[in-house]
Amino acid sequence: MPLKPGDRFPENVKFGYVPYQAEDAELTYCGIATQYDASKEWADKKVVLFAVPGAFTPGCQGVHLPGFIQRLEDFKKKGVDIVAVIASDSAFVMAAWGKANKVLNNEILFLSDPGAEFSKSIGWNIGNLAARYAIVVDKGVVKYAGKDERGKIVESAAETILSKL
């Protein structure tokens, strides 16, 4: 069932994650994958989560992600504690995607939604891939949830999310 404003962010949401560390800065260094407990970590924070069908794909790499990188300071000015992106790619691919885009120091969290488990749980998936969507969570409560039509980047675009904060 899709999330909507006023809903509580679900319990027990976990993603795959390779935390950025300065010694791991080289693109070819893999790091150690761990589990990121989003429900716990985000319980008392303002979070912007956006989902993409796949890392390094034309729309995701060329249009969607750059908007969030370019507007990161604007999100911070609006009180956002965490900006995170998920895709069904492995935690290692997601970490490499962050490094390839020179997103360092966990400025944006690149998280793995294996098999689109979370995306499926809210009905926003395309088979085993995440659909393109965004969710704003503030202290565990959904403030915005928008899913794009296939082939579009509107409801989940950085500019749209900024206008909702």
Side-chain angles (χ1 to χ4, degrees), residues 1-4 7-21 23-43 45-69 80-137 140 142 144-153 155-158 161:
M1 178 169 179
L3 293 173
K4 60 189 180 315
D7 287 349
R8 299 275 323 152
F9 189 74
E11 302 260 337
N12 208 26
V13 174
K14 297 185 172 132
F15 298 115
Y17 179 50
V18 177
Y20 175 84
Q21 297 177 35
E23 59 270 17
D24 302 345
E26 291 298 316
L27 183 60
T28 57
Y29 186 84
C30 291
I32 305 294
T34 187
Q35 199 171 61
Y36 184 88
D37 188 337
S39 300
K40 179 182 167 193
E41 296 291 332
W42 299 349
K45 296 192 172 52
K46 189 172 193 177
V47 178
V48 170
L49 170 66
F50 68 103
V52 298
F56 296 107
T57 59
C60 305
Q61 174 66 31
V63 179
H64 207 175
L65 177 62
F68 285 89
I69 294 170
V80 173
D81 299 300
I82 296 172
V83 175
V85 58
I86 62 171
S88 57
D89 295 287
S90 78
F92 301 107
V93 170
M94 294 302 287
W97 194 30
K99 290 177 192 178
N101 283 280
K102 298 183 180 23
V103 179
L104 309 175
N105 302 319
N106 298 310
E107 295 164 321
I108 296 175
L109 300 182
F110 286 78
L111 305 172
S112 171
D113 183 16
E117 265 182 53
F118 172 71
S119 299
K120 286 177 183 176
S121 78
I122 62 170
W124 284 354
N125 61 296
I126 306 165
N128 287 328
L129 301 176
R132 193 177 302 280
Y133 62 86
I135 301 168
V136 175
V137 180
V142 175
Y144 172 81
K147 177 181 174 278
D148 285 311
E149 293 177 33
R150 200 163 183 172
K152 307 277 185 195
I153 304 173
E155 300 300 321
S156 66
I161 306 312

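Values reported hereafter were calculated over all heavy atoms of this structure, with side chains retained and with hydrogens, waters and symmetry mates removed. All of these numbers come straight from a predicted model, not from anything done at the bench.
Remark: Lys40 engages Asp37 in a side-chain contact (heavy atoms from CB on, under 4.5 Å) (not counting sequence neighbours). With sequence neighbours excluded, the residues satisfying side-chain hydrogen bond (donor to acceptor under 3.5 Å, both in side chains) with Glu155 are Tyr144. Every residue two or more places apart in sequence or in another chain that forms a ring pair (Phe, Tyr, Trp, His ring centres under 6.0 Å) with Phe50 is listed here: His64, Phe68. For the side-chain contact (heavy atoms from CB on, under 4.5 Å) test, residues two or more places apart in sequence or in another chain that qualify with Thr34 are Tyr17, Pro19. Scored by the salt bridge (charged side-chain N to carboxylate O under 4.0 Å, His left out) test, Lys4 finds Asp7 as partners (sequence neighbours excluded). With sequence neighbours excluded, no residue forms a side-chain contact (heavy atoms from CB on, under 4.5 Å) with Ala43. Listed by chain and residue number, Trp124 satisfy the ring pair (Phe, Tyr, Trp, His ring centres under 6.0 Å) test with Tyr133 (two or more places apart in sequence, or in another chain).
The minimum heavy-atom distance linking Ile153 with Asp148 is given by the pair CA-OD2, 3.7 Å. Ile161 approaches Ala134 most closely through the heavy-atom pair CD1-CB, 3.4 Å. The minimum heavy-atom distance between Gly31 and Phe92, with the atom names listed, is O-CE2, 3.8 Å.
Between Val137 and Leu49, every side-chain heavy-atom pair lies at or beyond the 4.5 Å cut-off.
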Does the pair Val52 and Leu65 meet the rule for a side chain to side chain contact (heavy atoms under 4.5 Å, CB included), with working shown?
CA-CA 9 Å; Val52 298; Leu65 177 62; over 6 Å; no

Quick one: side chains of residues 8-16, donor-acceptor pairs under 3.5 Å with protein atoms, not counting sequence neighbours, listed by atom name and distance.
from, atom 1, to, atom 2, distance (Å)
Asn12, OD1, Lys14, NZ, 2.9

Sequence neighbours left out, cut at 3.5 Å: what donor-acceptor pairs do the side chains of residues 81-89 make with other protein atoms?
from, atom 1, to, atom 2, distance (Å)
Asp81, OD2, Lys46, N, 2.8
Ser88, OG, Asn128, O, 3.3
Asp89, OD2, Ala55, N, 2.7

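Here CD of Glu149 is found 12.5 Å from CZ of Arg132. Values are rounded to the nearest 0.5 Å. Rounding to the nearest 0.5 Å places CZ of Phe110 at 13.5 Å from OH of Tyr36.
Within 6.0 Å of the CD atom in Glu117, the count of heavy atoms belonging to other residues, nucleotides or ligands does not exceed 12.
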